[in-house]
Amino acid sequence: MSERKDFLRTIVEEDLKSGKCKEVVTRFPPEPNGFPHIGHAKSIAINFGIARDYNGYCNLRMDDTNPTKEDTKYAQALEDAVKWLGFEWKGDVRHTSDYFHQIYDYAIQLIKMGKAYVDSLQEDEIREYRGTVTEAGKRSKYANRSIEENLELFERMKKGEFKDGEHILRAKIDMSAANMKMRDPLMYRIRHAEHFRAGDEWCVYPMYDFAHCLSDYIEGVSHSICTLEFENNRDIYNWVLETLNLTPPRPYQHEFARLGINYTVMSKRKLLELVESKVVSGWDDPRLPTIAGYKRRGYTPESILTFCDQIGIAKANSMVDVSQLEFCIRDDLNPKVPRVMCVLEPLKITITNYDAKEDIDASYYPHDVPKEGSRKLPFSSEIYIERDDFMEDAPKDYFRLTPTQSVRLKHAYIITCKEIIKDDEGNIIEIKAEYSAESKSGSDTSGIKVKSAIHWVDAKESKEVEVRVYDRLFSVEAPADEQDLNPNSLKVIKNARIEPAVIEQKPDVRFQFERQGYFYADPIDYSDAKPVFNKIVGLKGSWDKKTKQNEPTTKPQVKKEQIDGEVVAMTASEQALFQRYTDTLKLNSEVANTLARDAQLSSFYEEALSTLNSPISLANIVTNEVARELKQMQVNELKFNPSQIAELVSIIDDGTISNKIAKQVFEEMLTSGKSPNKIVQEKGLVQISDPDVIAPIIDDIIAKNPDNVSKFKAGNTKLLGFFVGQVLKSTGGKANPQVVNKLVAQKLQ
RNA sequence: UGGGGUAUCGCCAAGCGGUAAGGCACUAGUUUUUGGUACUGGUAUUCGGGGGUUCGAAUCCCUCUACCCCAUCCA
């Protein structure tokens with residue numbers, strides 16, 4: 001777990017500390033209507049991870065309130081995904097459908113409270129009545145049905161006396177709410193459909209907004225974590241729980257940004273399209289960002305989890321670069337997996353001066369991987385090397401085999417090209433080479449220096465294998481539709497050649513094919529007779545990159561110039577106030593402007609001004625500190641009054657306290673409502689301006705931070721702030737910052 | 001257009017009034033029988049823009065801008 005906390009963990013810790021919750025209970029609540037993808041993995045990692053970190057527990061709950069979309073096969077896939085990632089839910093898998101009776105009872109309760117009603121409007125009428133984002137909606141005429149009538153109708157809905165869509169149950173909240181979600185949200189609809197678990201027991205089903213909060217409550221969830229698009233739903237969440245007046249503790253909803261990864265799509269709809277249009281082979285196609293896809297591709301659960309940990313949790317919509325994921329799988333596999341040799345595109349080499357056969361003993365692991373294990377590598381005069389490991393006209397930074405450059409066969413001998421054989425079209429079909437008998441790996445006495453060692457396989461002893469080379473599914477970062485598909489996302493190589501030990505010994509299911517990348521024996525199509533490997537990810541390659549780099553043109557980054565919008569004009573009276581503030585009170589126009597435009601603020605200011613004639617200082621503190629508080633509450637909720645602010649300003653003006661301490665005093669006034677003088681007295685906050693007192697403290701700080709002193713002297717002048725900060729810190733903020741500044745500057749000269 | 005969110009390096013992301021963390025990517029070098037790994041360095045005088053408050057602002061105030069979400073009987 002990362003030692004730096006994300007915002008959710010910060011909230012959890014605060015709640016634990018404040019006693020808002022006693023135990024941390026989370027839940028992973030997917031709707032079983034599609035296959036889980038890596039976005040779900042993020043949510044799983046968050047929910048199960050937080051529960052684990054705070055010794056709580058996490059439930060797995062299928063949010064199955066819509067019988068027409070859900071299926072048990074999806075529920076199974078979801079369960080598998082959680083297990084595969086290595087998490088355990090508490091008890092059985094939960095289902096919202098388990099709570100249908102309880103949820104129904106809560107609905108009855110709401111009706112009895114007059115907080116819910118049966119509406120009988122048509123679907124399109126309901127939409128029309130809801131209004132728009134700028135216009136208020138209007139309430140249905142059915143909203144004033146009596147409680148008895150509502151009860152009876154709802155009962156009959158449940159009994160199945162009505163057809164789908166004839167009636168619905170709605171919460172009675174506010175048809176003109178600015179939050180559209182609060183305009184009498186729907187709580188129950190009639191659905192004569194078979195539910196994959198509940199069968200046909202029900203023909204009314206609760207909506208998400210009603211079922212989710214209650215399910216959380218029923219399960220004792222403390223932190224209901226969901227994605228950003230539910231921010232507007234939080235109001236309903238709270239409304240239901242509060243209106244029902246449930247006994248605490250109750251759950252609270254928190255939202256985080258869902259995961260986006262470039263060059264792929266993450267929405268269920270788009271994923272489904274790809275599967276249905278047969279662009280991919282199924283939900284487990286290795287190119288898909290589904291859990292099943294990653295699993296089939298060869299990704300490990302550890303690597304996915306590390307990835308989730310690395311990307312962090314925040315509220316900003318973001319698009320993570322695939323290279324981050326690729327790093328995670330490479331990093332996971334590098335120390336674990338055996339290295340073997342496989343030639344993807346074979347080029348035949350005949351070693352003319354070698355006519356024997358031998359088995360070379362070769363370790364599965366490189367020197368820096370502390371693992372044991374080796375295999376026999378058959379070697380003879382006919383071998384294959386990778387086609388692009390030979391180049392007839394090579395640039396000088398090409399390290400492999402050329403007519404003039406020898407190369408080492410990994411684990412074996414150094415060879416030198418003697419003759420290039422071409423077909424009628426001029427394609428190279430074979431190389432005749434000679435080896436150096438003294439150059440054998442491990443006992444090299446040849447003295448020949450080569451620039452690289454390449455992988456190879458014996459022509460006769462190697463096995464033919466199918467290798468499926470995957471690349472990103474889309475060729476653009478943020479794909480919109482199938483137009484953006486990468487035509488080369490899958491390359492099937494039928495006749496790659498692999499060293500025999502891989503098939504015969506099977507030391508693992510994942511391998512590093514030396515110099516190529518990590519590969520995985522396909523769990524479904526692999527057989528000893530017809531081995532199939534999936535490419536998980538390539539190695540980082542500076543040569544490959546260089547050769548590819550010439551193609552894409554880097555787009556120039558142009559910094560956009562920002563144009564300021566128009567500011568709303570002041571009214572005549574605001575204008576007059578502004579004039580008075582700037583002309584007679586000499587406030588700066590910015591301060592005057594904010595004051596004049598805010599009636600609450602200006603009247604607060606005027607009142608303070610009547611007790612203390614210090615217009616500028618007063619204006620500053622009112623427009624800054626007081627304004628902040630007024631953003632969150634009304635004037636009458638404030639614990640302090642204008643004259644106390646005046647008092648605070650007066651002791652700043654006369655030098656009793658510094659501006660810095662004033663902030664501290666202000667904080668105190670906010671919570672206790674005590675008078676500034678009293679706070680200063682109680683806490684002994686009078687500022688220290690005597691240089692004789694401050695100087696020794698500065699000396700001490702300077703002595704303790706020799707590094708920063710030298711950095712400062714080397715020209716890093718912003719470090720002045722560091723020293724001032726340290727001095728202030730050690731005096732509890734009481735040292736006069738101006739004096740400190742001057743003194744520090746002097747001493748550091 | 002009303003409401004709710006978000007903006008810190010190419011991509012993620014810490015930071016909550018006192019020296020702009022970290023990871024990926026990029027880059028230079030060392031080691032290397034993988035152009036891998038590992039290691040060592042280099043990468044934001046600046047936090048969406050502009051003002052203001054303060055000795056000191058990414059952090060507080062004002063204002064503008066951009067993007068995301070909300071008008072499914074989906075979740």
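Here is the naming used below: chain letters follow the sequence lines, and residue numbers restart at 1 for every chain.
Atom-to-atom, CD of A:Glu231 to P of B:rC70 comes out at 11 Å; the value is rounded to the nearest Å. Straight-line distance from the OH atom of A:Tyr142 to the P atom of B:rC73: 17 Å, rounded to whole Å. Residue A:Met180 contributes atom CE, which lies 14 Å from atom P of B:rG2 at whole-angstrom precision.
In this structure, B:rU54 shows a glycosidic angle more than 90 degrees from zero, which is the anti conformation.
For the salt bridge (charged side-chain N to carboxylate O under 4.0 Å, His left out) test with A:Asp389, the passing option among A:Arg408, A:Lys451, A:Arg400 is A:Arg400; the others fail.
Comparing the P positions of B:rC11 and B:rG5 gives an interatomic distance of 25 Å, to the nearest angstrom.
Regarding contacts with the backbone of B:rC55, a side-chain N or O of A:Asn659 is found under 4.0 angstrom from either OP1 or OP2. Of the side-chain N and O atoms in A:Lys268, none sit less than 4.0 angstrom from OP1 or OP2 of B:rC74. The phosphate of B:rU19 (OP1 or OP2) has no side-chain N or O of A:Asn716 nearer than 4.0 angstrom. Between A:Gln738 and B:rC55 there is a side-chain N or O to OP1 or OP2 distance below 4.0 Å.
A:Asn620 comes within 4.0 angstrom of sugar-phosphate atoms only, judged by non-hydrogen atoms across all strands, and of no base.
Between A:Tyr605 and A:Tyr581, the distance separating the two ring centers is shorter than 6.0 angstrom.
Checking B:rC67 for Watson-Crick or G-U wobble geometry (two distances, each under 3.5 Å) identifies B:rG5 as its partner.
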Along nucleotides 28-44 of chain B, 5' to 3', which nucleotides get a B, which get an S, and which get a -, given that the test is a protein heavy-atom distance under 4.0 Å?
----SBBBBB-------
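The nearest heavy atom of RNA chain B to A:His167 and to A:Gln324 marks one nucleotide each, and the one closer to the 5' end goes with A:Gln324.
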